[in-house]
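Residue numbers count from 1 along this sequence.
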Amino acid sequence: MTDKPSIDSWKKLAEREIKASPDTLTWNTPEGIDVKPLYTADDLEGIGHLGTLPGFEPFLRGPRASMYAGRPWTIRQYAGFSTAEASNNFYRKALAAGQQGVSVAFDLATHRGYDSDHPRVEGDVGKAGVAIDSVEDMKILFDGIPLEKASVSMTMNGAVIPILANFIVAGEEQGVSRDKLSGTIQNDILKEFMVRNTYIYPPEPSMRIVADIIEYTAKEMPKFNSISISGYHMQEAGSTLVQELAFTLADGREYVRAALNKGLNVDDFAGRLSFFFAIGMNFFMEAAKLRAARLLWSRIMTEFEPKKTSSLMLRTHCQTSGVSLQEQDPYNNVVRTAFEAMSAALGGTQSLHTNSFDEAIALPTEFSARIARNTQLILQHETGVTKVVDPLAGSYYVEALTNDLAEKAWALIEEVEAMGGMTKAVATGLPKRLIEEAATRKQAAIDRGDEVIVGVNKYRLEEEDHLDILEIDNSAVRVSQIARIEQTRRQRDPKRVEEALAALEKVARSGEGNILAAAVEASRARATVGEISDAMRRAFGDHAAVPEVVENVYGKAYDDEPEFQTLLSRLEQFAGSLGEKPRIMVAKLGQDGHDRGAKVIASAFGDIGFEVIAGPLFQTPGEAADTAIASRVHVVGMSSLAAGHKTLAPQLVDALKAKGADNIIVVVGGVIPRQDYQYLLDHGVSAVFGPGTNVLDAARAVLDLMEGKRRNQ
């Protein structure tokens, strides 16, 4: 009988196999965690959470004792597009096909509190979600869907007050009182100031809105989750998993304090708080993240001395990553989503959305949405993962990862706490800066090929297959929405609307009363989303962020690499012939606040040697043209992630031409379907950079355009 192998004997064997020390295989993740090629029982020494059980504090192994063995997670597919009629039809088909809850995506005009007839939202109506202007739209959205039975999740933050008010009134008029309504409203404004940018009001009154909703729902809507504290958009914006975990839980702590400041008892609302995390491609770490989240939330909530055990539980919805989806070789996305969905299930999510494979390019078709939904049904019914509670428990690797993530996230949470909490941390810009730096480092790693994306920077197809996509006729949707708004305004009592809006504004200004309660009255009177939002705008004002660009992150990743140095030298020579640095303005038009791509491009181009002007969010094409002319730029790079490019890019070209600045080159980048490239080129755009474009390739192409234009002058 031979002796039991030791770690040293394993190392010797591994060294012979790989012809190098196994230590060289250690993977340093973006989170700063050193992942070894081998984990043993020795790695679990001193880890305090081992031996805990599901359903018991600290709930690391799940909030319920039986987890999926008792009931699988809820299949909740996030969708919304075009009109309320079109979205309602989609929801009803999905529910009939096995979906278990409705999850509503709103268009950007609605997110930002504008009615569809507002001149600032011409390119946004119905494009990236459903347009909702009043109770009449909300009633159509849920027509034939029994709200006393269906759980409804709504991703809404900036215009959360009019949307939730409309939902309550739509329920009433369907015969369902508000105490019977179940579901979740996102209502997570802090992360909007960090990453997603669909805010309306400044931080302080925005936090009051959050607290008023928690108060109202705690008293009036016992089956409804008053907030979904979201890390999803942080990871989509480029955060590491540690940042996503830490900032999400720190946001949650801040919201609990805001509710307590309203005089609520922690046990009256804590059980209705929910969370929302992204699930990316780091399979085991994503599962470990959910386990660590439950551990840390239980620790945080213990501070508030709840009497109910349920107040310590973290319950979460998850969504597979949108950023991991690729335009190139898009059927690979089916595989990516399946792996991410499995990771979420192994981590113990309470509900799940699986992205469709074509969402890197456009809204999902019925065909792609069916595959996404069936991915979850196959997981639940065919793989056996629902038969065992927390099947990864006891894994040397997963338990060590869970501990590492918890320790690193807690250190960052404590750093935020030392700053005075998340509201103050957000005001300093720290979370936003850290996330943008992480996003830029990740893009550099992809561009260098250090991080392999199959079909994008390795194993690329010589020719991409044509992919049918869902295209929304934005102008037709807007016309139909405007017609319904006009009809609603004709049929309502103007005096009742005026009085309800005045009462809402008074509540907002005075700080006395509940904002949501006042908005419900305004919704009953048929005040529109824009009118309710404007009443609060008059009281609170608008929030306008100052764009900042991180420096020396993208360039640092390249050090002295010849390819990068050649581009720097070429740009320097061109600047010499030009007599100044070439200037590029990175522009975000319409109500699209998703600025990860714009920030990465601005940062990278700055490191390459361009002078970069970061345009403010939410500009009209005319405003962007004015900024470009005043800044004397040579190029405007329009970033588009919300499908408004066919409306907004030609308007930008025309605005520059009308102002005598057609010498300024216009390029467009972002989520642009290939079938739209020629349309944009025919309408004056000089180049289009779709998803997955290498930033150095984009910089070379822009420089080519500038040199060509200079030669032809």
Side-chain angles (χ1 to χ4, degrees), residues 80-88 104-141 156 158-167 169-170 198-201 472-498 500-502 504-505 519 522-538 542 589-593 617-624 642-648 650-652 654-655:
F81 55 91
S82 177
T83 62
E85 291 92 340
S87 293
N88 172 263
V104 183
F106 299 94
D107 73 357
L108 290 168
T110 305
H111 271 290
R112 293 268 296 144
Y114 292 113
D115 288 332
S116 296
D117 59 356
H118 198 286
R120 299 194 73 86
V121 300
E122 186 177 347
D124 297 303
V125 176
K127 291 296 284 187
V130 60
I132 297 294
D133 291 308
S134 74
V135 172
E136 296 305 318
D137 289 326
M138 194 69 82
K139 288 169 66 177
I140 294 168
L141 188 67
M156 178 53 63
V160 63
I161 287 290
I163 288 300
L164 186 50
N166 280 344
F167 176 67
V169 176
T198 54
Y199 46 70
I200 301 175
Y201 317 107
I472 303 299
D473 185 345
N474 167 246
S475 58
V477 174
R478 190 164 186 254
V479 167
S480 69
Q481 287 299 121
I482 291 173
R484 187 175 294 138
I485 292 171
E486 290 173 346
Q487 181 181 17
T488 299
R489 287 175 177 155
R490 284 195 303 270
Q491 294 177 344
R492 68 190 186 182
D493 179 346
K495 186 172 186 298
R496 185 183 173 198
V497 174
E498 184 181 345
L501 290 173
L504 171 62
E505 184 178 345
S523 293
R524 287 195 185 108
R526 292 312 191 261
T528 66
V529 167
E531 290 166 342
I532 291 172
S533 299
D534 285 345
M536 293 191 291
R537 277 187 172 101
R538 290 191 292 272
D542 279 283
L589 305 186
Q591 301 307 306
D592 177 14
L617 292 171
F618 313 126
Q619 285 193 310
T620 65
E623 290 167 346
H645 51 273
K646 288 176 71 173
T647 299
L648 298 171
Q651 288 182 355
L652 174 60
D654 291 344

Can you establish whether the number of heavy atoms outside Glu498 located under 6.0 Å from its atom CD is more than 12? no
Excluding sequence neighbours, so at least two apart, what forms side chain to side chain donor-acceptor pair (under 3.5 Å) with Asn166? Ser523
Reported NZ-to-CG distance for the pair Lys127 and Asp592, which is rounded to 0.5 angstrom: 12.5 Å
The side chain to side chain contact (heavy atoms under 4.5 Å, CB included) partner of Tyr114 among Val121, Thr528, Asp534, Val125 is Val121
Between the CG atom in Leu589 and the CD atom in Glu122, the distance rounded to the nearest 0.5 Å is 12.0 Å
Ignoring hydrogens, what is the shortest heavy-atom contact between Gly622 and Ala655? Give both atom names and the distance. CA-CB, 4.1 Å
Residues forming a side chain to side chain donor-acceptor pair (under 3.5 Å) with Glu136, sequence neighbours excluded: Arg526
Which pair of heavy atoms, one from Arg112 and one from Tyr199, lies closest together, and at what distance? NH1-O, 2.5 Å
Identify the heavy atoms of Ile532 and Ala527 that sit nearest to each other, and give their distance. CG1-CB, 3.9 Å
Side chains of Gln591 and Asp124, donor plus acceptor under 3.5 Å: no
Value for CZ (Arg489) from CD (Gln487), rounded to nearest 0.5 Å, stands at 12.5 Å
As an exercise, state the distance from CG of Asp137 to OG1 of Thr488, rounded to the nearest 0.5 Å. 7.0 Å
To the closest 0.5 Å, what do you measure between NE2 (His111) and CZ (Phe106)? 7.0 Å
My understanding is that only residues two or more places apart in sequence, or in another chain, count here; which of them pass salt bridge (charged side-chain N to carboxylate O under 4.0 Å, His left out) with Asp542? Arg537
Can you tell me how far CD of Glu85 sits from OG of Ser480, rounded to the nearest 0.5 angstrom? 7.0 Å
So do the side chains of Val130 and Thr83 get within less than 4.5 Å of each other, counting heavy atoms only? no
Non-hydrogen side-chain atoms of Ser134 and Ile485 separated by less than 4.5 Å: no
Side-chain contact test, heavy atoms from C-beta onward, threshold under 4.5 Å: evaluate it for Arg484 versus Asp133 and give yes or no. no
For the residue pair Ala131 and Gly126, what are the closest heavy atoms and their distance? CB-N, 4.2 Å
Any donor-acceptor N or O pair under 3.5 Å, side chains Asp107, Thr110: yes
What I want to check is whether the side chains of Asp115 and Gln481 have a donor and an acceptor closer together than 3.5 Å. no
Side chains of Pro162 and Phe167, heavy atoms from C-beta outward: is any pair under 4.5 Å? no
For Lys139, which residues count as a salt bridge (charged side-chain N to carboxylate O under 4.0 Å, His left out) partner, sequence neighbours excluded? Glu173
Can you find a heavy atom in the side chain of Met138 that is under 4.5 Å from one in the side chain of Val169? no
Over all atoms of both residues, closest heavy-atom pair of Val529 and Ala159: CG1-CB, 4.5 Å
For Gln651 and Pro621, the nearest pair of non-hydrogen atoms, with its separation, is OE1-CG, 3.4 Å
State which residues pass salt bridge (charged side-chain N to carboxylate O under 4.0 Å, His left out) with Glu623; sequence neighbours excluded, sorted by chain then number. Arg120
With sequence neighbours excluded, residues passing salt bridge (charged side-chain N to carboxylate O under 4.0 Å, His left out) with Glu486: none
